[in-house]
Amino acid sequence: MRQIILDTETTGLEPAQGHRIVEIGCLEIVNRMVTGNTMHVYLNPDRESDPEALAVHGLTTEFLSDKPRFADVADELVRFLDGAEIIIHNAAFDTKFINAELARIGRSPMHEFCATITDSLLHARELHPGKRNSLDALCERYGISNAHRTLHGALLDARLLGEVWLAMTRGQDALLIDLDESERKGEADGLVLTRFDASELPVIRATAEELGEHEAYLAALDKSVGGACLWRQWDPAPVPAESQAA
């Protein structure tokens, strides 16, 4: 399962009004493990940022003047996103900007080369109805430090959202991109972190007596509903008598 956490910064709120992307940050997660593979670019939008947008990301026209344009990085971006689940906080905003940039250069929209696009904001609202679900609020709720986030930055926000997403979906509690570094820190704290091997978990099987009690319970359910209970429909094969006696 390959997922890409994506964030953008823009010159304003509406691509229909000529606003453009000034920064793209992407973070790769494979099978709920951060790979360390990222894509991060600043872009020359060929226009000024609105004052409100500039106050959010701090990327000045002077800073962006020598950066590549979207057309220069489009192939790299499409390759990075191709076939992955894209996770974005308030996905409608970022996708409309990326699709507008793609359309400008005659390229297909995101949904044609991405497996799916998931809105982490909608997911958070389902988990925490009636509560604030901004990225800052979620960092606070899940105990993720964002003290270094004085300004918005696409890759910084993608990293924070990656931690939030793993926490919201009950994955690991931290990104731990560099396991060796984490192990060294753990040793300094008196705690040694090691990789978990699920093959070492014990398998506890039902005894013959327990299987017999289960079969008797299902028989009672069959009688009460006047036919086969739902469990029989899922697993209709009865427990063999010899297995119960074994």
Side-chain angles (χ1 to χ4, degrees), residues 4-28 37-82 84 86-114 117-122 124-125 132-140 144-165:
I4 301 296
I5 310 293
L6 182 147
D7 188 63
T8 65
E9 299 298 337
T10 65
T11 64
L13 298 178
E14 280 298 334
Q17 297 175 3
H19 286 294
R20 307 291 298 274
I21 296 175
V22 296
E23 185 184 8
I24 300 174
C26 302
L27 173 74
E28 182 185 62
N37 191 16
T38 63
M39 178 180 175
H40 181 222
V41 292
Y42 294 108
L43 300 173
N44 184 347
D46 290 311
R47 61 158 293 158
E48 300 280 337
S49 290
D50 282 358
E52 296 83 1
L54 183 59
V56 169
H57 55 64
L59 301 175
T60 65
T61 301
E62 292 74 20
F63 173 77
L64 297 169
S65 61
D66 63 347
K67 300 302 184 286
R69 290 168 173 81
F70 183 85
D72 301 322
V73 304
D75 288 342
E76 180 186 1
L77 179 64
V78 170
R79 284 195 299 270
F80 195 85
L81 303 181
D82 188 35
I86 314 302
I87 300 170
I88 309 173
H89 210 60
N90 192 14
F93 180 86
D94 299 80
T95 53
K96 73 179 178 181
F97 267 95
I98 293 178
N99 285 339
E101 296 283 2
L102 290 168
R104 259 189 206 96
I105 58 175
R107 301 290 293 263
S108 301
M110 292 179 67
H111 70 266
E112 293 195 11
F113 56 85
C114 299
I117 298 173
T118 299
D119 192 337
S120 55
L121 176 59
L122 296 181
R125 286 173 176 169
R132 293 173 55 248
N133 288 296
S134 66
L135 183 55
D136 284 335
L138 290 169
C139 284
E140 181 179 356
I144 296 165
S145 174
N146 62 346
H148 52 303
R149 190 186 187 230
T150 55
L151 288 173
H152 287 227
L155 187 57
L156 169 62
D157 287 1
R159 290 186 186 280
L160 289 173
L161 180 57
E163 294 215 42
V164 165
W165 179 255

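Note that the structure is a prediction, hence the values are computed from the model and not measured. Counting from 1, the numbers follow the sequence of the chain as shown.
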Candidate pair Glu101 and Arg104, rule salt bridge (Lys or Arg N to Asp or Glu O under 4.0 Å), full reasoning: CA-CA 5 Å; Glu101 296 283 2; Arg104 259 189 206 96; 3.4 Å; yes
Results of side chain to side chain contact (heavy atoms under 4.5 Å, CB included) for Glu112 - residues two or more places apart only: Ser108, Pro109
Which is it for Asp75 and Arg107 under the salt bridge (Lys or Arg N to Asp or Glu O under 4.0 Å) test, yes or no, and what are the steps along the way? CA-CA 10 Å; Asp75 288 342; Arg107 301 290 293 263; 2.6 Å; yes
So, do Asp136 and Glu140 sit near enough that their side-chain heavy atoms are less than 4.5 Å apart? no
CG/Leu6 to OG/Ser120 distance, rounded to the nearest 0.5 angstrom? 10.5 Å
Given Glu48 and Leu54, is the side chain to side chain contact (heavy atoms under 4.5 Å, CB included) satisfied, shown in steps? CA-CA 9 Å; Glu48 300 280 337; Leu54 183 59; over 6 Å; no
Polar side-chain atom of Arg20 near backbone of Arg47 as donor-acceptor pair, under 3.5 Å: no
Distance, nearest 0.5 Å, that separates CZ of Phe80 from CG of Asp82: 12.0 Å
Might you confirm whether atom CD of Glu14 has over 12 heavy atoms from other residues, nucleotides or ligands at distances under 6.0 Å? yes
Given 3.5 Å as the limit, does a donor-acceptor pair link the side chain of Glu23 with the main chain of Ala154, or not? yes
So does Arg69 get a backbone contact from the side chain of Asn44, meaning a donor-acceptor N/O pair under 3.5 Å? no
Would you say the side-chain atoms of Asp7 pair up with the backbone N or O of Gly25, donor to acceptor, closer than 3.5 Å? no
Would you compute the distance between atom SG of Cys26 and atom CD1 of Ile88 and round it to the nearest 0.5 angstrom? 8.5 Å
With side chains defined as the heavy atoms from C-beta onward, is the minimum distance between Phe70 and Val41 less than 4.5 Å? no
Distance from Leu135 atom CG to Leu160 atom CG, nearest 0.5 Å? 5.5 Å
Between the side chain of His57 and the main-chain N/O of Thr10, is any donor-acceptor distance below 3.5 Å? yes
Could I get the full list of salt bridge (Lys or Arg N to Asp or Glu O under 4.0 Å) partners for Arg132, not counting sequence neighbours? none
Side-chain (Asp50) to main-chain (Glu52) donor-acceptor, under 3.5 angstrom: no
Below 4.5 Å, heavy atoms only, C-beta onward: do Asp157 and Glu9 meet side chain to side chain? yes
Please find the pair of heavy atoms, one from Asp94 and one from His89, that lie closest to each other, and give the distance. OD1-O, 3.8 Å
What's the shortest heavy-atom distance between Ala124 and Leu138, and which atoms? CB-CD1, 3.9 Å
Please check this pair: side chain of Asn99 against backbone of Met110, looking for a donor-acceptor N/O pair closer than 3.5 Å. yes
Do you know the tightest heavy-atom contact between Val164 and Ile144? N-CD1, 3.5 Å
Evaluation steps, ring pair (Phe, Tyr, Trp, His ring centres under 6.0 Å), between Phe113 and His111: CA-CA 6 Å; Phe113 56 85; His111 70 266; 8.8 Å; no
Does CG belonging to Leu122 count more than 12 external heavy atoms closer than 6.0 Å? yes
To the closest 0.5 Å, what do you measure between CD1 (Ile86) and CG (Leu81)? 4.5 Å
Given Leu64, which of Thr11, Val22, Leu43 fulfils the side-chain contact (heavy atoms from CB on, under 4.5 Å) condition? Val22
Can you name the nearest heavy-atom pair linking Gly162 to Leu27, along with the distance? CA-CD2, 4.5 Å
Value for CG (Leu155) from OH (Tyr42), rounded to nearest 0.5 Å, stands at 8.0 Å
Using 30° and 60° as the class limits, which term best fits the ring planes of Phe93 and Phe97: parallel, tilted or perpendicular? tilted
Minimum heavy-atom distance between Leu121 and Asn133, given as atom pair plus value: CD1-O, 3.4 Å
